[in-house]
Amino acid sequence: MAYERLAELINNNEWELAENEFQAHRNDIWTDELAILAATLFFQNNAYEDAYESIQKGLRYNITNYELYFLLGNYYERTNINQAWLCYENAEFYCNNKKDSDIILQYKTRMEENPDWNVKKTSIVILSYNLKEITQQCIHSIRENNLPSSYEIIVVDNHSTDGIKKWLQEQSDIKLLCNNVNKGFPYACNQGIKMAEPENNIFLLNNDTYVPSNAIFWLRMGLYEKDSVGATGSISNYSSHGQPLPEECRTLEEYISYANKTNLPSKNPYEKKTFLTGFALLLKREALDQTGLLDVRFSPGQFEDSDLGVRMNLSGWQTVLCYNSFIYHYGCGDGKHQKSWNEVFMINRQKFKEKWDFDIIYYTFARREIISLIGHKANTPPLTILEVGCGLGATLAKIQYLWPDSEVYGIELVNRIVKIGTSHTNIIQGNIETMEIPYAKEQFDYIILADVLEHLYDPERTLARLLPYLKTGGSFLCSIPNIMHTSVLLPLLQGNFDYSDSGICDRTHIRFFTLNSIAKMFQKLDLTINNLTAGLGGLPTKEEDQLLNFLEEIPNLAPKAQFQVSQYIFSATK
C-alpha cells in the first residue's frame, strides 16, 4: 500500500501527524487511494470543499470506486439529503464488499427517515421502432451501469418488423406494450408514461442511445439539486439546442472513454434552459403531473420537447442541462433518415408557432459570438450583466453557467416571452426606449445589445440612456447588421428593396447601419469600439461576386470587405 503510513495515522485518529504525512504526498499523482485518505482528513478538519475536490480527483482516476461515492454522500449530507442518498445508492451499486454494503444501507435508511427525503425511483420509457441491435445495446447499457432497484424499464414498440419485438417479449425485466401501427413519438411516450409506477420519475430515452456509467446518476443528482428543478437533460454527440459536445470522437468506445472523463462531480455542471431535447429527458413526477403529457399534435416527433419545456417554465419549473451527464446518441435512429426528419422539423416548427405565437428557435439562441467578447476570467471578480432584448434568456443562462457567480438581468419587449423566461432568468418586460430603467447607476460590467439597435426609433438616444448604468471601463456588447452587404445592394441596383422575416432586411428593422454610421454613433458618446469582427453570412452568389468585382473598379468607394460583411460584432467601452 503506497500510503500505508497515512492510512495508519488516520485509523488511529492521529490527525496532526496525518496532516503532516499528507503534505508529503500532496503533489503526488492522485489515485483513488490517496483521494479517500485526503477526503477523510479534510472532513475531520471541516474543510468540506477540499474534501470535495479530493473526491473529484479520485473519481477521475477511478470512476467506479464506491468509497468515493460514499464520501460524496457524506459531503452532501450537510446541504441536500436527497443528493446524499443518491450518492449512497451509487456507492451501493459499485460496492463488492458485503460488510461495507451493510454500512451503506444503514446510511441510506437514515436518510429515508429524514422528513425532507423524497427520492423517487426512475421509470425509463423507451420507444422502440426497429434498430434491433442498437435497441439491445441501449437496454444492456442501462442494466450494466445502474442499480436494478433504482429503475424500471418500459418499452413501447411502434410496430417493429426486424425481430426486436420478439426479443423484448423474452426480457423478464421489461414492461412491454406493442402497437399494431406506428403511433409516433409523442403518443407512444405518453403510453409508456401511463404504464409507469404512479410515483416514479420518468426518463424518456431514445432507443438509439448508449447510456454510460453514471449518466443517469448525475441526471438524478441534477433533478434533486433544487425543489424547483422539473427536468434535466444530458449533453450528447448528437443533439440540438446547445446540448452537443464541443469535441468529436470517432467510435462508440472513444465516446464511452469520454463519458468516463465527463460523468464526474462538478461544482457547476448546470445550465438553465427553456427546454431540453427529448432523446434523454428526465422528468420529475410532480412537474409532469402538473404540466401534462406530450402534445400529440407534434407527431411523429420534434418540438414536443420544446412544447413541454415551455409549459414547464410557465408552471414555474426549471429545466436544466447537466454537463456532467453524457449519453451517446446515434441520431435519427440509424442516421439514414435525416432528410425526412428535416421535413418534419419544418412542419412542426410551424405548428409550434401556431400554438404559442412565437418562434422558439429565434428566442432561445445563445449568442456565443457575443459571449466571446467578455474578457473576464471565471469569477474574477463576479460580473454583473444586462441584456436588452434578451428573448428567453439563453445568452444570459449561458453566461451564468460560464461565470457561476455572475448576476444577470434581462429586458424583453414581448410579454408572453417574459412570462416563460422568468422561471429561470431575471427578466422584466419593457420597451427600452420608453421604460423607466430600474437599475442602479454604474451597476453593469456589460450591457448586451445583440441585434437590438436596428429595431429602435432612436438608437443613439437609447445608448445615451443606458450609458450611466455602465461601470467606468465597462462595455456595450453589440451586433448590428450591415445594410451595405451585397445581398441587399444587388437587389437595390435591380430596383428592389423587399423586407423579409429575418436577416438584414428583417421587416421589424427601423434603422439601418453601415460601419461608418456605427462608428459615428458610438464616437458621439465617447465610447471606444474594440474587438470588431465581421459576420460574413453565407457564400456570395455568382451575381454578387460579379458585383463585388465591378465595385472594385469604381474610385472612392468603401473597401470591398465592407460589402461582404453581413453583421458587425464588437464591444464599445466606456
Side-chain angles (χ1 to χ4, degrees), residues 1-4 6-8 10-11 28-43 51-77 81-112 117 119 121-122 124 136-153 171-174 203 210-221 253 256-266 324-327:
M1 181 176 179
Y3 303 104
E4 184 175 355
L6 178 58
E8 181 183 353
I10 289 174
N11 290 334
D28 291 2
I29 295 174
W30 279 63
T31 64
D32 48 349
E33 178 189 357
L34 178 58
I36 291 166
L37 295 170
T40 304
L41 182 60
F42 285 131
F43 277 131
Y52 183 90
E53 185 178 338
S54 300
I55 295 166
Q56 279 182 311
K57 292 178 179 178
L59 287 172
R60 287 193 198 109
Y61 182 84
N62 181 2
I63 196 173
T64 67
N65 188 300
Y66 72 90
E67 293 180 78
L68 289 168
Y69 292 106
F70 179 80
L71 289 168
L72 196 62
N74 294 167
Y75 172 84
Y76 280 107
E77 271 202 48
I81 292 297
N82 294 316
Q83 288 181 316
W85 186 91
L86 287 168
C87 292
Y88 293 139
E89 183 186 63
N90 216 40
E92 178 188 359
F93 170 63
Y94 287 114
C95 184
N96 54 8
N97 181 298
K98 178 63 170 63
K99 181 180 178 181
D100 287 349
S101 290
D102 291 341
I103 294 172
I104 293 168
L105 290 173
Q106 290 172 18
Y107 273 74
K108 285 179 64 183
T109 301
R110 183 163 56 81
M111 298 298 98
E112 292 164 10
W117 178 82
V119 178
K121 186 176 175 179
T122 303
I124 303 173
Q136 290 172 328
Q137 183 185 69
C138 171
I139 291 170
H140 286 317
S141 71
I142 294 169
R143 291 168 173 164
E144 290 171 4
N145 295 314
N146 297 275
L147 188 70
S149 61
S150 69
Y151 68 88
E152 64 172 354
I153 298 177
Q171 308 306 303
S172 60
D173 62 339
I174 292 178
F203 185 38
Y210 180 94
V211 183
S213 300
N214 299 309
I216 295 177
F217 165 66
W218 288 113
L219 285 179
R220 296 176 78 200
M221 288 288 283
E253 290 70 27
I256 293 172
S257 177
Y258 176 87
N260 289 338
K261 300 172 185 175
T262 301
N263 298 352
L264 294 167
S266 173
N324 61 345
S325 173
F326 168 80
I327 291 178

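Positions are given from 1, in the same order as the sequence printed here.
Of all heavy-atom pairs between Ile327 and Ala215, the closest is CG1-CB, 3.7 Å. The minimum heavy-atom distance between Val119 and Arg220, with the atom names listed, is CG1-NH2, 3.6 Å. Between Tyr151 and Arg143, the shortest heavy-atom contact is OH-CA, 3.4 Å. Annotation for Glu77 and Tyr107: closest pair OE2-CD2, 3.6 Å, computed over non-hydrogen atoms. Between Gln56 and Pro265, the shortest heavy-atom distance links the atoms NE2-O, 3.0 Å. The minimum heavy-atom distance linking Thr40 with Ile36 is given by the pair OG1-O, 2.7 Å.
Asn145 contributes a side-chain N or O that, together with a main-chain N or O of Val211, makes up a donor-acceptor pair within less than 3.5 Å. Between the side chain of Gln83 and the backbone N or O of Met221, at least one donor-acceptor pair lies under 3.5 Å. Tyr75 places no side-chain N or O within donor-acceptor distance of the main-chain N or O of Phe43, the cut-off being under 3.5 Å. With hydrogens and angles ignored, the 3.5 Å screen pairs a side-chain donor or acceptor of Trp218 with a backbone N or O of Asn263.
Here CG of Leu147 is found 10.0 Å from NZ of Lys121. Values are rounded to the nearest 0.5 Å. Considering CG of Leu72 and CZ of Phe70, their distance stands at 11.5 Å, rounded to 0.5 Å. Once rounded to the nearest 0.5 Å, the distance linking SG of Cys87 with OH of Tyr76 reads 6.0 Å. One finds the CG atom of Asp32 at 6.0 Å from the CG atom of Leu68 (value rounded to the nearest 0.5 Å). Note that CG of Leu264 is 11.5 Å distant from OG of Ser325, once rounded to the nearest 0.5 Å. To the nearest 0.5 Å, the span separating CG on Leu71 from OG on Ser54 amounts to 9.5 Å.
Checking Asn90 against Tyr66 by side-chain atom types alone, no donor-acceptor pair falls below 3.5 Å. Using a 3.5 Å distance cut-off with no hydrogens or angles, the side chains of Asn74 and Tyr88 do pair a donor with an acceptor. Side chains of Asn324 and Ser266: no donor on one and acceptor on the other come within 3.5 Å.
Between Tyr61 and Trp30, the closest side-chain pair of non-hydrogen atoms is not below 4.5 Å. The closest side-chain heavy-atom distance from Asn82 to Trp117 is below 4.5 Å. Between Lys108 and Glu89, the closest side-chain pair of non-hydrogen atoms falls below 4.5 Å.
Just one of Asn214, Asn65, Thr64 meets the side chain to side chain donor-acceptor pair (under 3.5 Å) condition when paired with Tyr94; it is Asn214.
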Run the numbers on Phe217 and Leu86 for side chain to side chain contact (heavy atoms under 4.5 Å, CB included), then give the verdict. CA-CA 7 Å; Phe217 165 66; Leu86 287 168; 4.1 Å; yes

Checking Thr122 against Ser150 for the side chain to side chain contact (heavy atoms under 4.5 Å, CB included) test, could you report, in this order, the C-alpha distance in whole Å, the side-chain angles of both residues, the deciding distance, and whether it holds? CA-CA 6 Å; Thr122 303; Ser150 69; over 6 Å; no

Using the side chain to side chain contact (heavy atoms under 4.5 Å, CB included) rule, take Tyr69 and Ile104 through it: C-alpha gap first, then chi angles, then the decisive distance, then the call. CA-CA 10 Å; Tyr69 292 106; Ile104 293 168; over 6 Å; no

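Glu53 has a carboxylate O that lies under 4.0 Å from a charged side-chain N of Lys57, or vice versa, which qualifies the two as a salt bridge.
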